[in-house]
Amino acid sequence: MLLLSATPFEIAPTVAWLRDRAIREEGNVLVFARTSVEVCFTGVGLPATAFALGRRLGSGPVVGPMVQAGVGGALDPTLALGEVVRITSERFADLGAEDPAGHHLRLSDIGLPPGPPFDGEEVLRLPPGYARLPFRECAGYSVNRVSGNDQSISVLRRRLPEAQVESMEGAAFFYACLSAGLEPVQLRAISNYVEARNRANWRMGEAIGALNAALQQMLLPFTQA
Ligand SMILES: O=C(O)c1cccc(C(=O)CC[C@H]2O[C@@H](n3cnc4c(=O)[nH]cnc43)[C@H](O)[C@@H]2O)c1
């Protein structure tokens, strides 16, 4: 398994928990009786994630699932702060062009349809028959700049009515996994709502606690003999 996070901070409790249970460590790989868990911190954002994954997948095969874990912002108000969700689709929210009126044009609108692993709507989707996990399934979207302005958030809601969870890395993870024929498992714990920027409303501690509890529940069978 390859376990990825943008920052060490987001999955530190799980890395400590895995290290306590591992038979041995080989660099960033924790070895268990039946499997191993390779831990990789990609850095924050789409370019850093794309580079880290390109380098890792180019250097040799990954044994077992690809898991990306982190916090995220909820555009969907029915999501609770601290809720852990699985992202089942992703898109690069601002990939394309802007017209003179400020409207977004997709790649296909400007004669550059991206092709697989994107679908015709320029969405990156899990393949049919993917493994079900005990988390609410949500549509993700990824940005380079965290949304924090009421007007741009309204535009985003109108343009992407299905979008539920915002992150800064998810689409790069989906793109790399799907391009390599691997199933992406992306877990996000909701740390904040996508709203006019107000850092005081963020519940980072709660989200990280919930994320790590969920991760450990999911990883427990991998650590057992
Ligand atoms: O202080 C800020 O404005 C700020 C903005 C985004 C993230 C942070 C972090 O400290 C965490 C980095 C991590 O968080 C993900 N994240 C969490 N909420 C959102 C969001 O509403 N929109 C986009 N990304 C979000 C992101 O994937 C980063 O890796 C601080």
*With sequence neighbours left out, write down each residue that passes side-chain hydrogen bond (donor to acceptor under 3.5 Å, both in side chains) with Arg86, or none if nothing qualifies.*
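Partners of Arg86 by the side-chain hydrogen bond (donor to acceptor under 3.5 Å, both in side chains) criterion, ordered by chain and then number, come out as Glu183.
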
How about [X]: does its [atom1] atom have over 12 heavy atoms from other parts shown lying under 6.0 Å from it?
X	atom1	answer
Phe135	CZ	yes
Tyr130	OH	yes
Arg159	CZ	yes

Write down the atom of [X], the atom of [Y], and the distance for their closest heavy-atom approach.
X	Y	answer
Gln217	Pro221	O-CD, 3.8 Å
Leu30	Ala22	CB-CB, 4.0 Å
Leu156	Ser147	CD2-OG, 3.7 Å
Pro117	Leu178	CB-CB, 3.6 Å
Val71	Ser191	CB-OG, 3.7 Å
Met168	Val146	SD-CG2, 3.6 Å

Could you tell me the separation between the [atom1] atom of [X] and the [atom2] atom of [Y], rounded to the nearest 0.5 Å?
X	Y	atom1	atom2	value
Phe41	Thr49	CZ	OG1	13.0 Å
Cys40	Arg56	SG	CZ	8.5 Å
Glu169	Leu4	CD	CG	10.5 Å
Arg197	Asn192	CZ	CG	9.5 Å
Leu182	Leu57	CG	CG	6.5 Å
Leu81	Met204	CG	CE	11.5 Å

Non-hydrogen side-chain atoms of [X] and [Y] separated by less than 4.5 Å:
X	Y	answer
Val165	Leu79	yes
Cys138	Thr88	no
Val67	Leu215	yes
Arg199	Asn201	no
Val15	Pro8	no

Side-chain heavy atoms nearer than 4.5 Å, only ILVMFWY residues, links allowed to pass through others: does that put [X] and [Y] together?
X	Y	answer
Leu219	Leu211	yes
Met1	Ile11	yes
Val155	Leu75	no
Met66	Tyr175	yes
Phe222	Leu18	yes

Short N-O contact, [X] and [Y], less than 4.0 angstrom:
X	Y	result
Glu25	Arg19	yes
Arg91	Glu121	no
Arg157	Glu162	no

*Full working for side chain to side chain contact (heavy atoms under 4.5 Å, CB included) between Phe118 and Leu124*: CA-CA 5 Å; Phe118 292 96; Leu124 298 159; 3.7 Å; yes

*Would Leu126 and Ser89 satisfy side chain to side chain contact (heavy atoms under 4.5 Å, CB included), going step by step from the backbone distance to the final call?*
CA-CA 6 Å; Leu126 286 182; Ser89 66; over 6 Å; no

Quick check: does any side chain N or O of [X] sit under 3.5 Å from a backbone N or O of [Y], one acting as donor and the other as acceptor?
X	Y	value
Ser167	Gly170	yes
His104	Leu95	yes
Arg106	Ile110	no

_Is there a side chain to side chain contact (heavy atoms under 4.5 Å, CB included) between Arg145 and Val143? Walk through the geometry before answering._
CA-CA 5 Å; Arg145 185 175 69 172; Val143 293; 5.6 Å; no

For the residue pair [X] and [Y], confirm or rule out a side-chain donor-acceptor distance under 3.5 Å.
X	Y	result
Glu90	Gln186	yes
Thr14	Gln216	yes
Gln151	Ser154	no
Glu166	Tyr193	no

_For Tyr141 and Phe92, I'd like to know if the aromatic rings sit close, meaning centre-to-centre distance below 6.0 Å._
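No, the ring of Tyr141 stays outside the 6.0 Å limit from the ring of Phe92, centre to centre.
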
*Only one of Ile87, Leu133, Leu3 forms a side chain to side chain contact (heavy atoms under 4.5 Å, CB included) with Val185, so which one is it?*
Leu133

*Hey, mind stepping through His103 and Leu105 against side chain to side chain contact (heavy atoms under 4.5 Å, CB included) and telling me if it holds?*
CA-CA 7 Å; His103 299 133; Leu105 301 171; 5.6 Å; no

_I need the full list of side-chain hydrogen bond (donor to acceptor under 3.5 Å, both in side chains) pairs touching residues 64-80, with sequence neighbours left out, sorted by first then second residue._
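Matches after skipping sequence neighbours: Gln68-Arg188, Asp76-Thr78, Asp76-Arg136, Asp76-Gln164, Thr78-Arg136.
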
